[in-house]
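We number each residue from 1, following the sequence as shown.
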Amino acid sequence: MPSVLITGANRGLGFEFARQYAADGWRVFAACRDPATAKQLQVLAKETGEMLTVVAIDVTDAESIKKAAAQLDQAAIDVLVNNAGIAGPSGQSTGNVDYDAWALVFDVNTMGPLRLVEAFRNHIARSERRLIVTITSGMGSLADNTSGSSIAYRSSKAAVNVAMRSVAIDLAPHRITSVVVNPGWVRTDMGGPSARMTPQESVSALRRLIETFGLNHSGKFYNHDGGEYPW
């Protein structure tokens with residue numbers, strides 16, 4: 001049975017990943033900061049029985065990640081989905097930057113995914129798929145930045161793109177694939193009600209894409225439709 005570890009699984013894209021993978025017979029480790037308050041996820045866990053386990057992980061807290069890695073010590077993780085992320089305050093443009101908020105956005109969006117990779121790389125290496133998928137954004141593309149603003153969010157996603165490309169190179173000897181993917185503009189708390197795609201549409205597209213990934217895709221940046229995204 002293939003297995004997947006998903007961060008930020010209590011809402012939005014993370015929850016939809018957990019729902020779809022569990023429905024398709026995957027062993028799902030659904031991670032969130034506070035399982036006790038993740039009511040929707042707890043309901044899903046009851047509905048799916050042993051298929052889904054809720055795991056406490058705060059991506060900014062190295063100790064919580066190490067504890068979770070120890071808890072899942074015997075597990076093989078076929079796919080790690082680094083999904084947890086925050087946008088930070090709105091209006092972060094030149095002359096109006098909240099540096100403390102920027103540091104938190106970096107902690108969650110950039111350092112968080114790398115903490116997961118470091119803690120779970122042995123779990124991933126013992127699996128069949130050996131795949132790390134990090135949810136980034138088109139807003140992290142330098143080539144695609146034609147509107148400015150959103151400095152904290154844009155820079156955190158550009159940075160995680162670079163980090164995960166380095167992961168691809170560093171872990172290549174272990175035959176681990178690392179890719180970053182843009183989910184599109186999705187109707188989540190972050191994307192807002194005017195976004196073009198539903199979580200179901202985005203995750204379905206991403207899962208079809210994930211099924212195609214192998215070592216020849218490692219270190220690359222993809223759009224949800226399968227095309228490579230400009231760095």
Item checked: Check: Val179 main-chain N/O paired with His217 side-chain donor or acceptor under 3.5 Å -> no

Next item on the list: Please confirm whether the backbone N or O of Ala152 pairs with a side-chain atom of Ser155, one donor and one acceptor, at under 3.5 Å?
Entry: yes

Next item on the list: Any chance you could lay out the side chain to side chain donor-acceptor pair (under 3.5 Å) test for Arg115 and Thr60, step after step, and finish with the verdict?
Entry: CA-CA 8 Å; Arg115 290 187 185 105; Thr60 69; 5.7 Å; no

Margin query: Under a 3.5 Å distance rule, please check whether Ser202 uses its side chain to pair with a backbone N or O of Pro199 as donor and acceptor.
Written below: no

Check: Does atom NZ of Lys67 have more than 12 heavy-atom neighbours, drawn from other residues, nucleotides or ligands, at distances under 6.0 Å?
Finding: no

Next item on the list: State, yes or no, whether a side-chain contact exists between Phe120 and Ile132 at a heavy-atom distance under 4.5 Å.
Entry: no

Note to self: Could you check whether any side-chain N or O of Thr177 sits under 3.5 Å from a backbone N or O of Ser218, counting only pairs where one atom can act as donor and the other as acceptor?
What the structure shows: no

Check: Does a salt bridge link Arg19 with Glu16, judged by any charged N lying under 4.0 Å from a carboxylate O?
Finding: yes

Next item on the list: Starting from Val97, walk the hydrophobic network (Ile, Leu, Val, Met, Phe, Trp, Tyr; side-chain heavy atoms closer than 4.5 Å) and list everyone else you reach, by chain and number.
Entry: Tyr99, Trp102, Phe106, Ile151

Margin query: Using modelled atom types and a 3.5 Å cut-off, is there a donor and acceptor pairing between side-chain atoms of Arg27 and backbone atoms of Ile77?
Written below: no

Notebook entry, point to check: Just by distance, do the side chain of Arg129 and the backbone of Ile124 share a donor-acceptor pair under 3.5 Å?
Noted result: no

Check: Does CZ in Arg121 sit with more than 12 non-hydrogen atoms of other residues, nucleotides or ligands closer than 6.0 Å?
Finding: no

Notebook entry, point to check: Shared ILVMFWY cluster between Val180 and Leu131, side chains joined below 4.5 angstrom?
Noted result: no

Next item on the list: Step through the shown structure and confirm whether more than 12 heavy atoms of other residues, nucleotides or ligands are within 6.0 Å of CZ on Arg196.
Entry: no

Next item on the list: State whether the side chain of Asn145 and the backbone N or O of Gly148 hold a donor-acceptor pair below 3.5 Å, judged by distance alone.
Entry: yes

Margin query: For the CD atom on Glu228, are there more than 12 heavy atoms of other groups (residues, nucleotides or ligands in this structure) within a distance under 6.0 Å?
Written below: yes

Note to self: Measuring only between side-chain heavy atoms, which start at C-beta, is Arg130 closer than 4.5 Å to Arg175?
What the structure shows: yes

Notebook entry, point to check: Can you tell me if Thr110 uses its side chain to pair, donor with acceptor, with the backbone of Ser156 under 3.5 Å?
Noted result: yes

Notebook entry, point to check: Excluding sequence neighbours, so at least two apart, what forms salt bridge (Lys or Arg N to Asp or Glu O under 4.0 Å) with Asp61?
Noted result: none

Checklist line | Common cluster, Val108/Leu114, ILVMFWY with side-chain heavy-atom separation under 4.5 Å | finding: yes

Check: Do any N or O atoms from the side chain of Ser64 and from the backbone of Asp58 form a donor-acceptor pair under 3.5 angstrom?
Finding: yes

Margin query: Please check this pair: side chain of Thr198 against backbone of Glu201, looking for a donor-acceptor N/O pair closer than 3.5 Å.
Written below: yes

Distance-only donor-acceptor hits, side chain of residues 3-10, under 3.5 Å, sequence neighbours excluded:
residue, atom, partner, partner atom, Å
Ser3, OG, Ala76, O, 2.3
Ser3, OG, Asp78, N, 3.3
Thr7, OG1, Asn83, N, 2.9
Thr7, OG1, Ala84, N, 3.0

Next item on the list: Please check if atom CZ in Arg11 has more than 12 non-hydrogen atoms from other residues, nucleotides or ligands closer than 6.0 Å.
Entry: no

Notebook entry, point to check: Distance from Arg207 atom CZ to Trp26 atom CH2, nearest 0.5 Å?
Noted result: 7.5 Å

Item checked: Worked verdict on Val79 versus Phe17 for side chain to side chain contact (heavy atoms under 4.5 Å, CB included) -> CA-CA 11 Å; Val79 182; Phe17 269 116; over 6 Å; no

